[in-house]
Every structure is written in structure tokens, then in C-alpha cells.
2 protein chains.
Amino acid sequence: MGTTGRLDCILESLEQANTLDGLQTASLSLRDHLRVEHIAYHWVDSAGDQYGCGTYSLAWQERYISQNYQRIDPVVIGCFQRFHPVDWKQLDWSSKAARAFQLEAIEHGIGNQGFSMPVRGPNGQFALFTANDSCDDNTWATFTERHRHELVLIAHYLNEKALEIEPGRTPEIAPALSPREVDAMTLLAIGYSRAQVAEQLSISEHTLRVYIESARFKLGALNTTHAVARALSRGLIVV
Amino acid sequence: MGTTGRLDCILESLEQANTLDGLQTASLSLRDHLRVEHIAYHWVDSAGDQYGCGTYSLAWQERYISQNYQRIDPVVIGCFQRFHPVDWKQLDWSSKAARAFQLEAIEHGIGNQGFSMPVRGPNGQFALFTANDSCDDNTWATFTERHRHELVLIAHYLNEKALEIEPGRTPEIAPALSPREVDAMTLLAIGYSRAQVAEQLSISEHTLRVYIESARFKLGALNTTHAVARALSRGLIVV
DNA sequence: TTTCCACTCCCCAAAAATAGCGAGGCGTCA
DNA sequence: TGACGCCTCGCTATTTTTGGGGAGTGGAAA
């Protein structure tokens, strides 16, 4: 199996990449380095928008996207609820849809063993990095144990690169809110009504409204809910 | 500086830890390994609830929590908007509050150089791992460059451990929203009024209301704004 | 010094959201 | 088959939020 030294080289070449093609090339190196059949980086957007690179067949990728399989894919669902990398065997394949999905995947050349690592970025960004192969359970267990650190690192750097390449998906620069506006947005975000927020801040409800309005204006929001959503997704408030 | 071998040992002992004290002990080893003045793991929780471990003085930790400094701490705010680790020098210290905060931190023994790594878990969980020291810019740049991989790994494993130790702290397991509920929450989050959402989804406003209510119920939210905020911060919708 | 911004307070009328009921059809899973 | 969840539609009434005005303080920056 590859050495840490070689991984460093690959990560370095990954740093040079600045297009999706670059990521694709890096994927191939990574696969060779890890000596597995497939690796895949898969950016999952809840709007169903997707994006990724890896060594899965194009036919499978297209099929996956066109069928919106991320909705039923146990790998996606399972990783979404976890922080640590997971072996596919630990996932829930019990539903009918999941088993049908798995069969179809295998028909498209996906191996029976998989190990996937969830990665999360700002604004709820979510992606997976997967290593995939066909082998028996023991071989796979040895592989995952030995490469755990590497897989974590690879997932991190791939996602870092993906975020860099797709800046359209990252947030606009945030227009700072005043302290009172932050207070107001924060309390609204945790469910307080206007009256409660005003009481909490010891100001009149009329005053509070001015803050909400000015925050709404600064955030270019159409209403309070929108303003809170923008403040949240731009990291101006933390709930 | 330490070798990768030693880091592996520390990470292994980290794996054994199963209490906050264990994390605290691991922090000390990590500090020695990295040869910095301070390291800190800081779980930034909703509602200002906090949690962490590290080598900062108790006085500072208490002060930080009692003053809710995570609201103005440029490290928290900056990391919250980013994926990659950041040097404190790259952050925005321009506001008055931020500068006052920095001065106070230094008085409490925090070094002038810092390097922080954001980590995110399921349900919008968010934490920081920081290495901190007092030295000149060049020394620090060399340090951060050499230890980048290590810091990423440490942050990952510390957070994995923290999630394991404090499972109660993770917000309730995300009660998946139905597709229509997701639609409703998403459109509300981008500023549509109820009438507009209903029109967009081609359903009656009455029906829409059922979705909003059931989403609110599932999310344990007190009102629509709260529900949207929760859906956002748990990564159930993306705006 | 003047200008700007953050903070505070007030009124009123219209629009929107909420709470409480009700109903039926469709699909999946045990 | 029956339970359950999802999607769809209806009513009434109350509470809350919003949008449009205006007005004064104090501090910081230009």
C-alpha cells in the first residue's frame, strides 16, 4: 500500500488543480494510490443539485442524478447523520428501495465494499468521499483500518478544493449587523416572538421593529423569516 | 517537532478517552506534541451553550462563557463562514468589540498567534480546534504549514470523540422532513410569503399551512421563523 | 463641526400568520 | 387488512407582524 509520502504528493497536486478536470485527474491518482477499484467525491445539495468527481462510470453517474438517488441512497442518508467515516456494511439497507438501488449499483460496476466519509462546509454544504472495492470483509476491514487517517485527509482536501472551484455556491460577503440587530435576529431565530424579544432586550416592541427592519434592509431580505435565514446562512448569527 | 508516529500514539490514546477529563488529558499531550503554548477544542453550541477542553486558563474560559464572547469572537465568526483552517491574522479584527476582546484574551495569557480549524457534525453541530502561541509571524507560518495535515486530523478526531462523549448534546436526531415540507421551508427561507409559496408549489394556502405546521411540529419550533432557522441550521434545507 | 450611524420611542391601518376544528385519497409496510 | 404517513382541500376567528409615517439622544468618524 502507498506511503504517506506519496499521499503528500497527491495532495500537493490536488492543490494545483483549479477545475473540475483537475479534480478528476487527482481522483485517478488517488485511486491508484489507495489501490481500490473506485473512489468518488460527491457533493450533495439538498435541492437535488449535484456535483462530483470520481471513477464511477458515467452511465451510473447520470442514472444516479436523473433518478435523484441521493434521496434513497443509504450511503448518503447514513453519512448525513454521522460525523465519522462509515463502512457501508454498517448502513441500513433494509428498505426495498435501498436493496434495489444496491443491485443496480453493482450492475453498474460498483464494488460491494465501501467506506464513506462525510464532510461539511459552511451553509450546510455537504459532501461525501468514498472508497469502493470488491473484496471480502476481512481484506476490506484491514484496508479501512490502515487508511482511515488518509481517507479523512483526502476527504478534507477534496472538499476544500471543490469549495474553491465552485465559489458560486459559497456565500456573498456578509454586511455586518449592529449588535442590537444581531441580538434581535438571534432571538427571533430561536423562536421568540417580537414581544418576547423586546422584553428580553428590555426595549419597546416599536424599537425592536426598527432593528428588524434595518437588519432586513442590510440583508436584502423580504421579510423577517428571510432576514433570519440569511443571517444564519451567512454566519452572522449562530443558533 | 514531533513525528507522525507520535501523533498516532496520541490519537490512539484519544480513542481510549471516554470522558471530558480524558479529552483534557489528551489536550495536554497534544500541546506538548505540537510544542505550542495552547491548544483548545471549542464546541460552539446553539443558544450560547458551550463546551470544550484545552489549555486556556479557567478564568478565561469562564469569562468567555459568561460574556457570551462567541458572539463577537472573530475566530468563531470567521471559522463559521469557512471550511479550511485559518490563521488568526486573516480574520477581521477591525471592529471595536473584536479589538477589546483580543486585548482581554492576551491579558488572560492567550498568545498572539493562532490557527483555527472549523469542524462540523450532523445537525449543524459546530466546533473549533485551535493551536495558539506567542511568536513572530515567520515562525508561526512555518509551524502552520508543517502541521496543517496534523491539525486537520486532530480536529477531526477530537470532534469525533466529543460527539461520542456528549451524545445528548447533539440536537435531536434530525427528523427528516417530507419533500413538500422541505419545499415549503426552502421557499420561506428565501423570502416568499405564504401566498407566494402556495402559488409556487401549486397548492392551496391551506394545504401549505399544514406543511408548515407539521414541519414546525417535527422540528419542535415555536413559529415559522424558528422552524426555518432550525431546518437551516440542521442542514435540512440549503439556501 | 457637521454628518453619519446606532439606539430609543411613538401612532395607525392593512396584511399575514396562527389556532382550532373538519374532510378524503393514495401509497407503503407489517 | 389496518395502521400510518403523506398530500390535498375547506372553514372561522384571533393574534401577530408589517409598512408607512415622525422624532429625539449620544457617540464616532470625516
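Chain naming here is simple, since letters A, B, ... match the order of the sequence lines and numbering starts at 1 in each.
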Worksheet item: Taking N and O atoms by type only, does the side chain of B:Arg209 place a donor or acceptor under 3.5 Å from a partner on the base of C:dG22?
Response: no

Practice prompt. With the side chain of A:Pro179 defined as its heavy atoms from C-beta on, choose the nearest nucleotide among C:dC7, C:dT18, D:dC6.
Written response: C:dC7

Item to complete: Return the value, rounded to whole Å, for the distance between atom CD1 of B:Ile212 and atom C1' of D:dC6.
Response: 16 Å

Item to complete: From the options D:dC9, C:dT18, C:dA6, select the nucleotide whose nearest atom is closest to the side chain of B:Thr224.
Response: C:dT18

Item to complete: Check the distance between C:dA17's P and A:Leu222's CG and give it to me in whole angstrom.
Response: 12 Å

Discussion item. Quick check: A:His156 with B:Phe83 (ring centres under 6.0 Å apart)?
Written reply: yes

Worksheet entry | B:Thr207, nearest nucleotide to its side chain (from C:dT8, C:dA17, D:dC9) | D:dC9

Worksheet item: Any idea which heavy atoms bring B:Tyr192 and B:Leu188 closest together, and the distance?
Response: O-CD2, 3.6 Å

Worksheet item: What about B:Trp60 and B:Phe101, are their ring centers closer than 6.0 Å?
Response: yes

Practice prompt. Look at the side chain of B:Glu213 and decide which nucleotide, out of C:dA19, D:dC7, C:dA17, has an atom nearest to it.
Written response: C:dA19

Discussion item. Does B:Thr207 form a side-chain hydrogen bond (donor to acceptor under 3.5 Å, both in side chains) with B:Ser204? I'd like the steps, not just the answer.
Written reply: CA-CA 5 Å; B:Thr207 304; B:Ser204 78; 3.0 Å; yes

Worksheet item: Checking all strands, does B:Ser214 fall into the base, sugar-phosphate, or nothing category for heavy-atom contacts under 4.0 angstrom?
Response: nothing

Response to the item:
Per nearest nucleotide of DNA chain D, the residue lying toward the 5' end, A:Thr225 or B:Arg180, is B:Arg180

Worksheet entry | Residue B:Ile203, side-chain heavy atoms: nucleotide from D:dT8, D:dC7, C:dA17 that is nearest | D:dT8

Fill in: Nearest-Å distance for atom pair CG/C1', residues A:Leu187 and D:dT17
17 Å

